[in-house]
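I have placed the structure first, in the form of structure tokens, so that the comments after it can refer back to it.
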Amino acid sequence: MATNTQEIPALLDVRDVSKAFGTVQVLRSVSLKVSRGEVVTVIGPSGSGKTTLLRCVNFLESYDSGSIRIDGKEVGFREGGSRQRRGERDLAAMRAETGMVFQSFNLFPHLTAAGNIMLGLTKVRGKSTAEARSIAEHWLGRVGLGHKADSLPAELSGGQQQRVGIARAVAMEPKILLLDEITSALDPELVGEVLEVVRGLAQDGMTMVMVTHEMAFARDASSRIVFMADGGVSAIGPPRDILAAETDNERLRSFLARFRASHF
Amino acid sequence: MGYALNFNLIWRHFDKLWGGLLLSLELAVISIAIGIVIGLVLAVWYVSAGRMVRGIIAAYVEFIRNVPLILLVYLVFYGLPTVADLAYSAQTSFIATLSLYSGAYLVEVFRSGLEAVPRGQMDAGRAIGLTPWQRLLHVRLPTMLRITLPALSNTFISLFKDTSIASVISVPELTYGAQWINFNTFRIVEVYLVTTAMYLFTGYIMLFSLRLLERRFRAAR
């Protein structure tokens, strides 16, 4: 099929990535291309490898075979196919090009909201404290927390912490943003405010790969949905195809049926 | 019940106790400072090292923790100069001993603190592109400090009290001062009452200030 994602060189190019934890095969030859400005959501039952895939993209996890390229550059291994792991400084520099938002927020507890955002800007991007502070304030404003710049994470609600987490990731101006079940740890009434921020980023053209259980969000906000099962990509396509009730993909159909039964 | 308390002789020689207390504090501060350096370096090394280094560090910790401090003090002060051609003052010898001793206890405190830092925070540090050293310095150590502060307070106060062992090699710290007054005045009850009060009071001041620090940090948990 000649879709336009194949004509433009992909920003993220995952090819045949496989990974095992001991005897458990968590990723089975996963391939996925994401173009600039695309929002791709990844759905699937727990244990299907969604989170591991995201963690491989910024090399928080290594993988056994295959390759992952961002903007043409191999992420975790040196160029030339030797599968020689990049040095730690090199890896750090590569990771700075991808932003990540975590299910459990993972804010630095000893730093204020602004401090959390400023750490990467000053230490990785080499910006002055004043410059970093103004960038932090800009992004906190964007996520609706301009008044919370000097609050510590412990003083913020879950939804607010997660919005700081998003601001921390995007302030680094990453090429791609990885979102790992970012609303799963939130009380239901706080989910909306976080998804609203993500929606805004999507409208700004931020490239995103988002693992989520929010089907309505996946349907409305993503350009494509990836359905993962048993460590492999079981289905991929535009939301209306993937979420169609009459899909002939057995696994997808039963996942959606179970999902609908428990969520609607 | 014919014993009448008389503190006059104690006050006359109070400079022995006061000077002793200052020296006790000095011994504690220097030894703890060196111990912190030993503890931090070894703890950081331990959590990132292979089995052999871990084994060596664990052996050091176990050795120190299973030998009474007073024996270590004797070994370093009387034993070392005998087998090696070394000469040092009792005070230096005690500081060296208490440093090694506090180092071993602090390795354990720091190591468990480092291991208690949630993985997610390290992941977050990696995700924004911090190098391993930056993650250690800006993410892991600050969080570790907050986790370990209560245990640290207890260890510091313990170590302060342990300076009394220096009296066995005639370092003129607080307990030695008390013994001196006792030998010279025979006012055993009075002198040890006053000395106990001085240890207690100093310990409480230390505890109180460390608790204040903990409270300041707790907000950041």
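Each chain gets a letter, A, B and so on, in the order the sequences are listed, and its residues count up from 1.
To the nearest 0.5 angstrom, A:N58 atom CG is 12.0 Å from B:I128 atom CD1. Between A:K123 atom NZ and B:L130 atom CG the span is 9.5 Å, to the nearest 0.5 Å. To the nearest 0.5 Å, atom CG of residue A:N106 and atom CG of residue B:D123 are 6.5 Å apart. How far CZ of B:R146 is from NE2 of A:H110: 6.0 Å, rounded to the nearest 0.5 Å.
Nearest heavy-atom pair, A:F102 versus B:A127, reported as atom, atom and distance to 0.1 Å: CZ-CB, 3.9 Å.
Enclosure of atom OH in B:Y88 by more than 12 non-hydrogen atoms of other residues, nucleotides or ligands within 6.0 angstrom is indicated. Counting non-hydrogen atoms of neighbouring residues, nucleotides and ligands closer than 6.0 angstrom, the CZ atom of A:R133 exceeds 12 such neighbours.
When the ring pair (Phe, Tyr, Trp, His ring centres under 6.0 Å) test is applied to B:Y46, no partner is found at least two apart in sequence or on another chain.
Contacts between B:P132 and chain A at a heavy-atom distance below 4.5 Å involve the side chain alone, from C-beta outward. Contacts of A:L107 with chain B are made by backbone atoms alone, with heavy-atom separations under 4.5 Å and no side-chain atom involved. Using a 4.5 Å cut-off between heavy atoms, B:Q121 touches chain A through backbone and side chain atoms alike. For A:R125, no part sits under 4.5 Å from any heavy atom of chain B, backbone or side chain.
Ranked by non-hydrogen atom pairs under 4.5 Å with chain A, the options B:Q134, B:R126, B:R135, B:R119 are led by B:R126.
Identified by a heavy-atom distance below 4.5 Å to chain B, contributing residues of residues 62-74 of chain A are lacking entirely.
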